[in-house]
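Note that the structure is a prediction, hence the values are computed from the model and not measured. Whatever order the structure lists them in is the order used to number ligands and atoms, beginning at 1.
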Amino acid sequence: MQRLAIDLDERSYEILIGLDLRKQVGEFLKAVFRPSRVVIITHPSINSIYGEEVIANCLDQGWTTDIIEVPEGEVSKSLGQVEKLYDRLLELNCDRKSVLIALGGGVIGDLVGFVAATYQRGITFIQVPTTLLSQVDSSVGGKTGVNHPKGKNMIGAFYQPRLVVTDLQTLKTLPIKEYRAGLAEIVKYGVISDASFFEFLEKNYKDILNLNYDCLSYIIENSCAIKAKVVEKDERETHHRMILNFGHTLGHAIESLTGYSRFIHGEAVAIGMVRAAELSHSMGKCSKEVPRRLEALLKNLGLPVEMPELDPTAVIESLYHDKKTMDNKIKFILVKEIGSIEIVEQVPESEILKII
Ligand code: NAD
Ligand code: GLY
């Protein structure tokens, strides 16, 4: 098992990465916190595959443990769902020493983290991420929240988990499309801060697609380590943490303008990263080699790279509505070379129009 520490003073925690860890979640939790009771929150489909194993180990510790199911999909990241969860936690008499376990992907992690941040002014929660995206991104760093009809992730809190338990074997049951979407975020880490990691991905993409556990363990740990360093430096995203948004500026616009149905998040990020690299090249920040290598790697990993046909005016409009847009300036994360990037505070519309 790999252990990775996230150093955030009194909010520090560890990420445990390995095989079969879902069966030891209770033991791992006991080592960091003694709960009055435990509530696992998950989707029905994940409950049917992994719920029994997670609950068994919590019961073995002598804790009263319940499982609450919430429907799958982005629709569950809502204030209505949050309220339903508060109701259930109150019915179960959960107190300030109760612990929530988020068993699922980013939807469950973001929702449960927000409930934990706000129930009785904040209770302990741990993450047991089961999608690749949640294992390398959403379970780490403490962004929690839900959507508002006017925009994704508009309501939320920075609230760190007490522990992250990543079981590589859960990826075996993950649909391939979801798996590939997680790979897009892993490629992002190479681009933003680690050229040798990017080269590793280029050389080993077949093992990665074949779910080789040694390879997976390395790429997940390295991705989390890169994210941890960024979060340690700028937990509340005053500036530096924005680098994690490489490819997301256009990615969010693509997701929203295609109705959140044609591409899942990681796929839109893949397209957004290639466009951001093209923009970097056309603005003279990097050589042509950068977008070329990025596109080739993403294609090898089975991710889409072509910009869909969208009305350019609508794309620009959507960029102005991005959460990162301030003072009516479109901000972009541009790449200088693989492993090195720059936050550019204002990119002219004319430059963006050239690459979409
Ligand atoms: P998801 O949580 O919706 O999971 C995708 C699908 O896979 C779901 O249908 C789920 O039931 C299923 N699933 C999950 N694990 C499975 C497994 N092991 N086997 C079989 N099926 C499984 O999607 P996601 O991509 O993990 O997360 C997306 C969410 O994460 C978005 O809401 C996004 O805003 C959020 N996010 C948050 C952060 C953050 O820093 N907090 C970062 C990135 C994304
Ligand atoms: N997923 C981007 C962040 O955590 O900041």
Side-chain angles (χ1 to χ4, degrees), residues 6 22 41-51 53-54 69-78 81 102-114 117 127-148 151-161 164 166-186 188-189 192 211 223-224 226-249 251-252 255-256 260 263-269 323-324 333:
I6 305 229
R22 67 191 180 281
I41 303 176
T42 190
H43 295 313
S45 61
I46 300 177
N47 191 11
S48 66
I49 318 176
Y50 301 114
E53 292 168 326
V54 177
E69 291 183 344
V70 298
E72 310 215 359
E74 204 57 39
V75 64
S76 277
K77 273 180 57 176
S78 69
Q81 187 59 58
L103 174 65
V107 163
I108 285 287
D110 283 11
L111 171 70
V112 174
F114 184 66
Q127 295 262 18
V128 183
T130 62
T131 62
L132 185 58
L133 178 135
S134 58
Q135 295 180 351
V136 297
D137 190 357
S138 61
S139 67
V140 179
K143 278 191 183 174
T144 74
V146 296
N147 303 323
H148 184 276
K152 264 194 87 181
N153 298 323
M154 283 293 158
I155 318 288
F158 287 99
Y159 194 68
Q160 301 294 341
V164 182
T166 290
D167 184 345
L168 303 175
Q169 269 159 333
T170 59
L171 298 176
K172 258 195 181 159
T173 56
L174 188 68
I176 182 72
K177 192 175 164 77
E178 299 289 347
Y179 181 69
R180 288 187 171 134
L183 292 174
E185 300 289 350
I186 290 175
K188 175 192 79 179
Y189 292 120
I192 65 174
L211 252 74
S223 297
C224 290
I226 292 170
K227 180 157 184 183
K229 276 207 198 85
V230 175
V231 172
E232 285 166 359
K233 202 167 160 188
D234 180 22
E235 184 182 2
R236 298 178 74 89
E237 197 169 293
T238 55
H239 185 71
H240 180 65
R241 188 168 173 164
M242 284 176 203
I243 67 170
L244 296 174
N245 253 32
F246 174 66
H248 288 56
T249 317
H252 288 150
E255 269 184 292
S256 118
Y260 293 99
F263 301 103
I264 58 174
H265 179 70
E267 292 174 328
V269 167
K323 272 211 302 298
K324 307 283 180 299
I333 317 301

Measuring from atom 21 (N) of ligand 1, which candidate in Ser48, Gly156, Pro175, Ser45 has the nearest non-hydrogen atom? Pro175

Mark up the atoms of ligand 2 that fall under 4.0 Å of a heavy atom belonging to Glu237, in ascending order. 5 (O)

List the closest protein heavy-atom neighbour of atom 1 (N) of ligand 2: residue, atom name, distance to the nearest 0.1 Å. Asp137 OD1, 3.0 Å

NZ/NE/NH1/NH2 to OD/OE distance under 4.0 Å, Arg241 and Asp234: no

Using a strict cut-off of 4.0 Å, indicate which atoms of ligand 2 neighbour a heavy atom of Arg241. 3 (C), 4 (O), 5 (O)

Check each heavy atom of Lys172 against ligand 1 and say whether those closer than 4.0 Å belong to the side chain, the backbone, both or neither. neither

Between Tyr189 and Val136, is there a donor-acceptor pair closer than 3.5 Å when you use the side chain of the first and the backbone of the second? yes

Check whether any heavy atom of Gly104 sits under 4.0 Å from an atom of ligand 1. no

Atom 38 (C) of ligand 1: nearest protein contact (heavy atom, Å): Ser138 CB, 3.2 Å

For ligand 2 and Lys227, I'd like to know whether there is a polar contact (N/O to N/O, distance under 3.5 Å). yes

Relative to the heavy atoms of Lys143, which atoms of ligand 2 are at a distance of less than 4.0 Å? 2 (C), 3 (C), 4 (O), 5 (O)

Output the list of atoms in ligand 1 that are nearer than 4.0 Å to some heavy atom of Lys77, sorted by atom number. 31 (C), 32 (O), 33 (C), 34 (O), 35 (C)

Are any of the N/O atoms on Glu72, whether in the backbone or the side chain, positioned under 3.5 angstrom from an N/O atom of ligand 1? yes

So is Glu74 in contact with ligand 1, going by heavy-atom distances below 4.0 Å? yes

Are any of the N/O atoms on His43, whether in the backbone or the side chain, positioned under 3.5 angstrom from an N/O atom of ligand 1? no

Any chance the side chains of His248 and Glu185 put a donor and an acceptor closer than 3.5 Å? yes

Would you say atom 12 (C) of ligand 1 has a protein heavy atom nearer than 4.0 Å? no

Of the protein's non-hydrogen atoms, which lies at the shortest distance from atom 44 (C) of ligand 1, and what is that distance? Leu133 CD2, 3.6 Å

Hey, is ligand 1 close enough to Asp110 that some N/O pair sits below 3.5 Å? yes

Is there a heavy atom of Gln135 sitting under 4.0 angstrom from any atom of ligand 1? no

Only one of Val54, Thr131, Thr130 passes side chain to side chain contact (heavy atoms under 4.5 Å, CB included) with Ile46, and that residue is Thr130

Compare Asp137, Val269, Thr131, Thr170 and give the one whose heavy atom is closest to atom 18 (N) of ligand 1. Thr170

Going by heavy-atom distance to atom 24 (P) of ligand 1, choose the closest among Pro129, Gly106, Pro44, Ser76. Gly106

